[in-house]
Amino acid sequence: MARKSEADKVKDWTKRLEAAEKVYKKWEDKYRSKVLWEYYLGHQWKESESADKDGRPKYAINMIFPTIESQLPSQLFYRPKYLIRPSPMMIETPGSDSASRAALQESTLNSFISDERLGFKAETFLSLLESYFRFGVIEVGYSADWIDNPNAGKPILKENSEDSVIDSGGKEVLQPDQILSQEKIYFKRIPASQFRVSVNSHQELGRCDWMAYFEWHYPEDLKRNKRYKNITNIQSTGKLQGEAAPTTYSDADEQSKYRDMVKVWKIFDLRAKKRLDLGEGNEKFFLEEDLDLWEDGTPVVPFSVLMKHPQLDEFYPLPPVFNWISPQDELNETREMQKVHRKRFLRKYIADPSITPEELAKFEQPIDGVILTGKTDGIVPIADAPLDPTIVRNIPQTKDDFREISGSPSEHRGIAEAETATQANIIDIQSRIRDTKARDQIGSWLAKIGKLALYYLRKRMVLPFWIQLNADMQAAGAPIRVLSIAKDYAQIRAEDLDGVDTEVTVDITSLAPANESQERQDWIQALVLVTDPVRAPMLLASDVLLRKTLGLFNIRNEKEIQELKAFGVQTLQMLMMSQQMQQGGPAGQGGEAKPGPTPSREEIAGQIQRQLPTARM
C-alpha cells in the first residue's frame, strides 16, 4: 500500500473535522447551548417577542443568574489545596524517602497554582461557569521562549576550567544556536464551542481516537512562530492564494468576524501519538510532533474536562440549565400577564353624546359637589375583565418547580423555609450531601489538572525555579523565620521532583468557605482524643493510626499532627506523675510507704515508651 502524501492526510483530517463538527452542531442545537447562555444574561424572550406594542421590553425575572451565583461559591470559592501522597508500595519500601519527595512535589505544585501570573484561578472559574451551559475544558501545557545564542558554535567549557567538554567521540561539544530564555507551565480555558472529539467518542478523553480545538490567529503571528512550517502562502480566513471559499466546516459568521485571521485546528491524535496543527485551507500541516507519553507509554492528554451531567455512550453532556428553561419561561409569561392586566385596569369611562363638552370639563375638575347636566346614566365606567386568580396562584408553584429542578435550596439564597427543627436538619443534611457530591466532582477535575501540571514540571522544566515551602507562618518564632527567606523558599530543578510515584488529590474542604463551627468542634475533639489515658497511648504509638484518626477530624497538616502528638505525650506524662504522687501518699501516716524521688522528664518519657507497645497489643 502506497504511503499517503501529506496533502492526502490533510484531506482525511478535513473530513474527520467535518464529521465531528456535524455531531457537535446537532448536540448544540438539541440542547440550545447558545440560548442557555442568553438566559443567564437575562435575554429570555425571543427577539421578535422581546418588546410590547409600545416598544417597551417585556417583563423578565431572571432566576437562572442568581441560582448559578448562589451555587458557585460552594463549589470553587478558594484556591484549591493539592495533596500529594506516594504510592503504598513506595511508602513500605525500607529506607525510602518517598514521603519527603512527595512533600516537595506538593509544595511545588501548590506554589505554581498560587502564582497569579499563570491564571489558574481565573481560567478554572470560567470553565466551571461554562459547565452549566456546555462543559468546561482546561488545557495544561508547557511553553518556552528561545533566544539566539551569541556564543553559538563555540566550545562549551567545563565548570571552573578553560578546558572544553568532550563528547564520547572525542570531539568538542559546541554551544547551540539558541538557548532557553524562560519557560512556564500554563493553564488555558478552551471554549467548549471550539472543542471537538472523534465521532466514536467516549466520556473519557483517553478512550477517544482524537480531540481537537481551533483558534484564530493573525497570519503574521503564524509566520513568526519558529515551530511552524508551510506557512508561506497562507492568507486570512484560512484560504490559500486563489482559493474560492473556505472548507465546509467553517462558520459563516466566524468568517465574517475573523476575516483578517486564520482558523487553526490543533489536533491531538491518540492513535498515532501525534500533535498536528492545521490551518484551514492549507494543504500541509503547520506542525507535526510527537505527543508526551506517560511512564506506561500511553499518550498524555493535556485536557481536563468538567461535565456536570454526563450522558451514556457519548462525549457531550446534558447542560444543567437546559432543564431550567421551562419554569423560567412560565414565570416570565405569568408576570408579563400581570403587568399587562395592571396597565389595562386604569379606569376609563364612556359618555352619552348628549353631554356637552362644557359638562364633561366639569367632570374633570377637582371640586366636590359639582352638578353635571345630562342623563342620569350618561357616564358610566367601562368594566375590565377580571384576572384569573389561578395566574397569581401559579407563581409560587412555578418558583418551587424551578428550585426543584435546579437543586437550589432556600438556604443557598439565605432564606429559611423549614417549619420545624427536624425538617430544617433534614434539609441541611440533604443540602450538604448534594454540595459534597458537586465538590467531589470538581475536586476530581482539578486533581487531573494538577496531575498534568506536575507531569510537565517533572518532564519539561529545564531551568531551576523557586518554590514556597509549606511552612506554618502561625507557628512560634515565625516572625524571626521570615527574616531568613531561604528557610521558606527553595530553588529546585525538575529532577528533584522525579523518581517517586505519587497520587494527586485535592482537599475538597479547601474549595468552599470554611465552616468555622465544625472546624472548631473537630479540633476540640482531637485535643480530647490525644489526651485520653485509655485511647491516646495506642494512637500515639503508631503514626499510621494517628494520621488516619486525625484525618477523620479533617486534620491533615503534618505540623499540626506532630504538635498534637507532642501535646498528647506531654499530657500523659503529667497524668502519670500525678498518679505516682497520689499512690505514694504523705510520709508517716498509717505506716504507708514514703514517696520515692520524683522521676525526671526523661525517665517518664522512657516509661511511656515502654508502656506504649503493651497498649497496642
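All values below were derived from every heavy atom in this structure, side-chain atoms included, with hydrogens, water molecules and symmetry-related copies excluded.
In this structure, Ser304 and Ile449 approach most closely via the heavy-atom pair CB-CG1, 3.5 Å.
With rounding to the nearest 0.5 angstrom, the CG atom of Leu278 is 11.0 Å from the CD atom of Glu288.
Under the 30°/60° scheme for interplanar angles, the aromatic rings of Tyr316 and Phe135 are found to be tilted. Under the 30°/60° scheme for interplanar angles, the aromatic rings of Tyr24 and Trp27 are found to be tilted.
Ring centroids of Tyr456 and Tyr142 are separated by 6.0 Å or more, keeping the two rings apart. Checked against the 6.0 Å centroid threshold, Phe195 and Phe303 count as a close aromatic pair.
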| field | Verdict with reasoning, Trp210 to Trp13, per ring-ring contact (aromatic ring centres under 6.0 Å, His included) | value | CA-CA 11 Å; Trp210 57 268; Trp13 276 109; 5.4 Å; yes
| request: Kindly indicate, with the supporting measurements, whether the criterion salt bridge (charged side-chain N to carboxylate O under 4.0 Å, His left out) is fulfilled by Glu123 and Lys188. | output: CA-CA 6 Å; Glu123 297 294 308; Lys188 183 171 67 173; over 6 Å; no
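A donor-acceptor pair shorter than 3.5 Å can be found between the side chains of Gln71 and Tyr132. No donor-acceptor contact under 3.5 angstrom links the side chains of Arg117 and Tyr186, judged on distance only.
Residues Glu289 and Lys274 are not paired through a salt bridge, judged by the lack of any N-O separation under 4.0 Å between the basic side chain and the carboxylate. With respect to the salt-bridge test (charged N to carboxylate O, under 4.0 angstrom), the residues Asp292 and Arg460 qualify.
The residue from Lys81, Arg101, Arg85 that alone fulfils the salt bridge (Lys or Arg N to Asp or Glu O under 4.0 Å) condition with Glu106 is Arg85.
Within 6.0 Å of NZ on Lys223 lie more than 12 heavy atoms contributed by other residues, nucleotides or ligands. No more than 12 heavy atoms of other residues, nucleotides or ligands sit less than 6.0 Å from atom NZ of Lys451.
Leu564 is listed as a side-chain neighbour of Ile555, based on a closest heavy-atom distance under 4.5 Å.
A donor-acceptor contact shorter than 3.5 Å is absent between the side chain of Ser201 and the backbone of Val197.
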